[in-house]
Each structure stands twice: as structure tokens, then as C-alpha cells.
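Data block below; observations after.
Side chains included, hydrogens not; waters and symmetry mates left out as well; all remaining heavy atoms used. This structure is a prediction, so every number in the text was calculated from the model and none was measured.
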Amino acid sequence: MAPSNDLANSILSGNRSALARGITLVESRRREDFHPAERLLSGLLPHCGNSLRIGITGAPGVGKSTLIEVLGMQLCEAGKQLAVLAVDPSSSVTGGSILGDKTRMDELSRHANAFIRPSPGGDTLGGVAGRTQEAVLLCEAAGHDVVLIETIGTGQSEVAVHNMVDFFLVMLSPAAGDELQGIKRGVMELADAVLVHKADGDLLAAANRTAQQCMLAMRILHSGDESPPNVLTGSSVKKTGIEELWQCIEREVTERRNSGALADRRSSQSVAWLDRTLQGALLADFLATPNAAKELAAARERVASGAQVATAAARAVLRQYREG
Ligand SMILES: Nc1nc2c(ncn2[C@@H]2O[C@H](COP(=O)(O)OP(=O)(O)OP(=O)(O)O)[C@@H](O)[C@H]2O)c(=O)[nH]1
Ligand SMILES: [Mg+2]
């Protein structure tokens, strides 16, 4: 039997180290791993799709990891199998926040029902996000009921994660109300719910104010919709609002599952994934075609100097690419 069959069977049987090895395989950039990774994924595909996929985003320090630890423990205690993944392309820059996450998720990482996977940091976002999507599938094949994906609040990674989850939670700090007007708009549009976090102690009043402002903002943003996404407050330290948050997520997802909206969302996510993969593959192929790359360099010069219009230059580059 091919090794990837053994690996697939071990993953299906819920073997943790097999799952970790499988994720390493699909994350690998080595050419010789591409086919085994693809075979593994294709073989497991019929066993995927059974988890609740949740993305959690928010500015650095808003408390994403702490929330995941608290919520995760509650889910595990309730008998759910939980996987935690991270999309954090900047983790190598910020000094390995994942290492911090590991320690912050101390209790959770020791729970028998939890599987925590640090992100493959220091890579381009597209690559990391693509492989996170594959990691989600492997976690599902391994029998995880809930997959939580943590990502930092950069526009790009948020869009990438939004594209692979059933529910997208945006976390705000208690002081975020002042900034709501401008910067967060793009992200707020993606939110299925907003949690104003750290609603405890001295920060409680500010958190409530921010939640009020956020509700107003969401009503304006979703003025055409029947009901705007929920805005909640909560504290992972005081363990308040966490139960309500989970109920909100379950209620929303159940509604969407019943209406067929969830299946539609997943289908269009898969198609978008195909498109992105194809774009990446085409670009890689293009860059590996020496004549095309040479023509591109020349075309850039012609366009920069004003000697040729960009559209004509692009056509010339494509012609060269097709000819190989
Ligand atoms: N007051 C208060 N502080 C909290 C709460 N949750 C987390 N914190 C604190 O906020 C800080 C950041 O928490 P993290 O969970 O690491 O935040 P994060 O969003 O995962 O941060 P990055 O992964 O670096 O982006 C820590 O010092 C926590 O102790 C909360 O509910 N209330
Ligand atoms: Mg974190």
C-alpha cells in the first residue's frame, strides 16, 4: 500500500501525529511532496466538510488567543473535538506570536480533545492561506467538530480567512469605538458577528460604548439586510459573554445550514479556491518561462519610458509566453 494510504487511514482513525504529519505534507513546498499531498487530500475529501469552520480576527493584542483558550476549553469539556489553526504571515516579523499563543493556550493544548497547529510563518500570505485551507480539510477528516482559525487584523489575511470559514468573528478592543468610522469598514463588512472584547473591570464602560457605536455602524452598513450581524460584548478573563457568543454562532450557522446558504457559501469558496490556485500556478509557470520573463522586463521598460501603452505591452508579453 502506498505510504499516503497508510497516512490517510491513520488520519481517519484520529491519530494526532498522523494529522500533524499530513499537515506538514500539504504545507511542504518540495516538489516531490506535491503529488503525495494531492493524493492524500483527494483520498480524504469524502470524509471532509463535517466541521463548523470559524474564523477569528482582530488587531494584535485584542485577545484572540485568550478567547480561543476559554471558548476552546468549554467546547472540549462539552465533548467536542477542536482544532485550532493560525494564519499569521507576519509571525516571523512579530517575533513568533505563535510561540506566545502556544503558551497562552496552555490549558487547551493539554486537553485530549484539542489539536493546536501553529502557523507556517514567514511565507507569502497566499501560500499560507492556501495551505491553511488544506489543513482544515485534514482536521475534518480526523474527526474534528469545530475548527477555529486565528488571524491577525491585516486586511489581506482577513479576506483570505473569510473565504474559508462558515462564520467570521471580528474582535474589537474596548477603545475601538473612536476608530470605527474609517479603518475597520472593510473588515466590518465581512463580519458575521462582532465581539467587543475585554469588557471587564475599568474597560467595561468603554466596551459597552464601543458596542453601541458598533451596532449603529452595522445597522448603516447592512441597511438593506433583514437583520445586521450581532454585536456582543465579552471577557475571556471574567468568562462573561462567551456562552452567548457560542449560542450566537450556533444559531446563525444552523439557520444557514437549514436555508441552504451554508452549502452555497462553501461551494463558492471552493470555486474561488480553485481560481486562486490556478492564478498562482499560472503565475509560477509564467515566471518559469525564460522568454516570457525576459519580454516582461523589456515591456516594463517600454511602458516606464512611455514608448508603449500598457495594454499593448501586456499582449506582447503574453504572445511570448504562449510561444514558450
Ligand atoms: N482585561 C482583559 N484582558 C484580556 C482579555 N483577554 C486577553 N487579555 C489580555 O490581552 C493581551 C493579549 O491577549 P492575546 O490573547 O495574546 O491577544 P491576541 O489577539 O491573540 O494577540 P496576537 O496573537 O499577538 O495578535 C494579554 O495580555 C491578555 O492577558 C480579557 O478578556 N480582558
Ligand atoms: Mg494570538
Side-chain angles (χ1 to χ4, degrees), residues 48-58 62-64 67-68 70-85 87 132-133 136 139-140 144-151 153 158-172 176 180 184-197 199 207 210-236 239-270 272:
C48 300
N50 296 321
S51 84
L52 177 47
R53 307 165 181 171
I54 302 168
I56 298 182
T57 192
V62 72
K64 300 177 290 293
L67 173 72
I68 290 173
V70 173
L71 176 62
M73 280 304 290
Q74 291 185 4
L75 294 173
C76 287
E77 290 295 307
K80 297 221 187 279
Q81 297 282 332
L82 172 74
V84 180
L85 305 171
V87 175
T132 300
Q133 197 142 11
V136 170
C139 291
E140 291 179 345
H144 290 283
D145 310 297
V146 179
V147 181
L148 296 178
I149 306 173
E150 174 179 345
T151 183
E158 278 157 341
V159 172
V161 171
H162 179 261
N163 279 334
M164 62 177 98
V165 295
D166 303 321
F167 195 94
F168 191 66
L169 176 70
V170 174
M171 292 173 70
L172 293 181
L180 267 181
K184 286 284 168 192
R185 190 187 161 112
V187 184
M188 300 303 275
E189 275 170 347
L190 299 178
D192 291 305
V194 176
L195 176 72
V196 182
H197 198 221
T210 293
Q212 290 297 331
Q213 285 168 336
C214 187
M215 270 179 224
L216 274 175
M218 291 304 254
R219 237 174 264 155
I220 296 167
L221 213 53
H222 294 267
S223 51
D225 302 1
E226 253 170 54
S227 55
N230 283 301
V231 178
L232 308 161
T233 56
S235 161
S236 298
K239 297 192 169 64
T240 50
I242 312 294
E243 188 65 39
E244 289 80 355
L245 171 67
W246 183 248
Q247 282 168 7
C248 163
I249 294 173
E250 277 205 312
R251 193 176 55 237
E252 293 278 328
V253 174
T254 305
E255 264 173 36
R256 280 186 227 154
R257 188 173 286 129
N258 293 341
S259 73
L262 188 72
D264 288 349
R265 180 162 165 162
R266 284 188 172 187
S267 297
S268 49
Q269 284 172 340
S270 296

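- Without hydrogens or angle criteria, Ser268 side chain to Asp264 main chain gives a donor-acceptor distance under 3.5 Å.
- No donor-acceptor pair under 3.5 Å is formed between the side chain of Glu158 and the backbone N or O of Val187.
- Between Glu150 and Leu85 the shortest side-chain heavy-atom distance does not fall below 4.5 Å.
- The shortest side-chain heavy-atom distance between Met218 and Leu221 falls under the 4.5 Å cut-off.
- Looking at heavy atoms from C-beta onward, Ile56 lies out of side-chain contact with Leu195 at the 4.5 angstrom threshold.
- Considering every non-hydrogen atom in both Glu189 and His222, the closest pair reads O-CE1, 4.3 Å.
- By the 4.5 Å heavy-atom criterion applied to side chains, Val147 and Leu82 are not counted as neighbours.
- A salt bridge (Lys or Arg N to Asp or Glu O under 4.0 Å) with Asp166 is found for exactly one of Arg266, Arg257, Arg265, namely Arg266.
- By the 4.5 Å heavy-atom criterion applied to side chains, Lys80 and Gln74 are not counted as neighbours.
- Here the closest non-hydrogen pair linking Cys248 and Ala193 is SG-CB, 4.3 Å.
- The minimum heavy-atom distance between Ile54 and Val165, with the atom names listed, is C-CG1, 3.7 Å.
- By the 4.5 Å heavy-atom criterion applied to side chains, Leu190 and His162 are counted as neighbours.
- In this structure, the side chain of Asp192 does not engage the main chain of Leu169 through any donor-acceptor pair within 3.5 Å.
- Looking at heavy atoms from C-beta onward, Asn230 lies in side-chain contact with Glu252 at the 4.5 angstrom threshold.
- The closest donor-acceptor contact from the side chain of Thr233 to the backbone of Ala199 lies at 3.5 Å or more, if one exists at all.
- To the nearest 0.5 Å, atoms CD (Gln213) and CG (Leu172) are separated by 10.5 Å.
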Practice problem: Kindly indicate, with the supporting measurements, whether the criterion side chain to side chain donor-acceptor pair (under 3.5 Å) is fulfilled by Ser235 and His197. | Solution: CA-CA 6 Å; Ser235 161; His197 198 221; 5.9 Å; no
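- Nearest approach of Arg219 to Pro228, heavy atoms of both residues: CG-CG, 4.0 Å.
- Gln81 is not listed as a side-chain neighbour of Val146, based on a closest heavy-atom distance of 4.5 Å or more.
- Nearest approach of Gln133 to Gln269, heavy atoms of both residues: NE2-O, 4.5 Å.
- Residues Val170 and Met188 approach most closely at CG1-SD, 4.4 Å, considering heavy atoms.
- The residues Glu255 and Arg251 are annotated as not salt-bridged, no charged nitrogen and carboxylate oxygen being separated by less than 4.0 angstrom.
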